[in-house]
Amino acid sequence: MPHFLDLADAGGDAIAAMLNDAQDRKAARMTWPKGRADADAPLQGHVLAMVFEKNSTRTRASFDIAMRQLGGSVLILDSGTSQLGRGESVADTARVLSRMCDAIMLRTDNHAKIEEMAHHASVPVINGLTDRSHPCQIIADLLTIIEQGMPLPGLELAWFGDGNNVLHSILEAAGLMKFNVRVATPTGFEPDPEFVAMARAGGSQVTLTQDAALAAAGADIIVTDTWVSMGQENVENKLGAMAPYQVNEALIAMAKPSARFLHCLPAHIGDEVTQQVFESPQSVVFDEAENRIHAQKSILLWVLGKL
Ligand code: CP
Ligand code: NVA
């Protein structure tokens with residue numbers, strides 16, 4: 001039974017299949033109301049449990065709409081109102097939800113918790129974000145890049161700011177889908193070397209630099225994310241260190257004229273990105289947000305053996 005804790009659980013061929021399926025399903029329902037089920041309703045009768053130990057707008061809404069479009073339904077639990085918040089174990093929660101639902105999505109802090117959930121669940125478990133990675137986001141990001149007419153192999157993607165969970169999944173994707181990543185971060189905020197090694201092992205060229213201009217020069221895709229991820233504290237020194245990595249008009253002008261700007265959202269305008277870049281024609285952040293729906297559908301179909 002497949003889990004989707006990280007992109008390598010699926011591998012490059014399955015990710016390519018997900019991206020094709022997402023494009024086909026998206027195209028087939030362009031003008032339809034968003035809650036109407038796809039013609040084949042492949043997950044009719046299926047229930048996804050979503051468990052949130054951190055806030056969410058896009059992940060929560062897109063999985064809900066994804067399940068409706070696939071013909072299924074969702075139930076939503078959070079730590080504030082479930083027994084998880086009163087100390088019931090992840091193991092018991094996994095076993096209970098496995099008896100009631102066909103798949104489980106968990107958004108949590110420590111990645112070990114989702115591994116424990118997967119260990120004890122008898123249905124597929126999907127990573128809806130941990131402190132270590134955010135694989136669902138990156139399926140939507142790759143879909144958005146492809147929609148812009150950019151093939152993934154050989155693509156030059158540049159990341160600016162914090163070496164965080166989203167960057168980790170981008171690096172993992174780079175090794176699997178054969179694109180290159182330039183990472184510009186301040187010293188001390190580099191990504192986990194494990195993800196850099198994964199990308200390089202897959203044949204991706206990874207540049208780690210403190211020089212934002214070097215990373216931006218000639219890039220196809222410019223990406224950033226919040227400088228302060230959920231759960232991070234004592235960040236006073238971090239904000240000052242991040243300032244040279246803001247994505248602004250001067251920085252994006254160094255990329256290719258055809259370059260596109262991605263941000264998983266929520267954005268902090270005036271910190272990691274300026275209003276001008278965020279609202280510019282190069283910004284595809286709301287396509288990216290919508291694509292969370294189409295990506296989730298393919299992830300759900302893959303874990304449930306229907307892709
Ligand atoms: N990008 C993303 O995961 O957004 P949410 O935190 O709103 O789910
Ligand atoms: N890096 C961010 C992503 C939010 C979707 C966080 O973990 O808070």
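Just follow the structure's listing: the first ligand is 1, and inside any ligand the first atom is 1.
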Side chains of [Y] and [X]: any donor to acceptor distance under 3.5 Å?
X    : Y    : answer
R260 : Q282 : no
S73  : R68  : no
D131 : Q232 : no
D225 : N164 : yes

Pull out every atom of ligand 1 sitting under 4.0 Å from any heavy atom of [X], numbered as shown with elements.
X    : answer
H134 : 2 (C), 3 (O)
C264 : 1 (N)
L265 : 1 (N), 2 (C), 4 (O)
R292 : 1 (N), 2 (C), 3 (O)
T57  : 5 (P), 7 (O), 8 (O)

L129 to ligand 1, any heavy atom closer than 4.0 Å: no
Heavy-atom gap R107 to ligand 1 smaller than 4.0 Å: yes
S56-ligand 1 polar pair, N/O distance under 3.5 Å: yes
Ligand 2 versus L265: contacting region, heavy-atom distance under 4.0 Å: backbone
Counting from 1, what ligand 2 atoms have a heavy atom of [X] closer than 4.0 Å?
X    : value
D225 : 1 (N), 2 (C), 3 (C)
L129 : 3 (C), 4 (C), 5 (C), 7 (O)
M230 : 6 (C), 7 (O), 8 (O)

Ligand 2 to [X] polar contact by distance, N or O atoms, under 3.5 Å:
X    : value
R107 : no
P266 : no
T226 : no
N165 : yes

Heavy-atom nearest neighbour in the protein, as seen from atom 4 (O) of ligand 1, with distance rounded to 0.1 Å: R58 NE, 2.9 Å
Residues, nucleotides or ligands: over 12 heavy atoms within 6.0 Å of M1 CE: yes
CD (Q44) with more than 12 external heavy atoms under 6.0 Å: no
I'd like to know if the side chain of [X] reaches the main chain of [Y], judged simply by a donor and an acceptor atom lying under 3.5 Å from each other, with no hydrogens or angles considered.
X    : Y    : value
S204 : V206 : no
S298 : M18  : yes
W32  : G35  : no

Salt-bridge contact D38-R29 (side-chain N to carboxylate O under 4.0 Å): yes
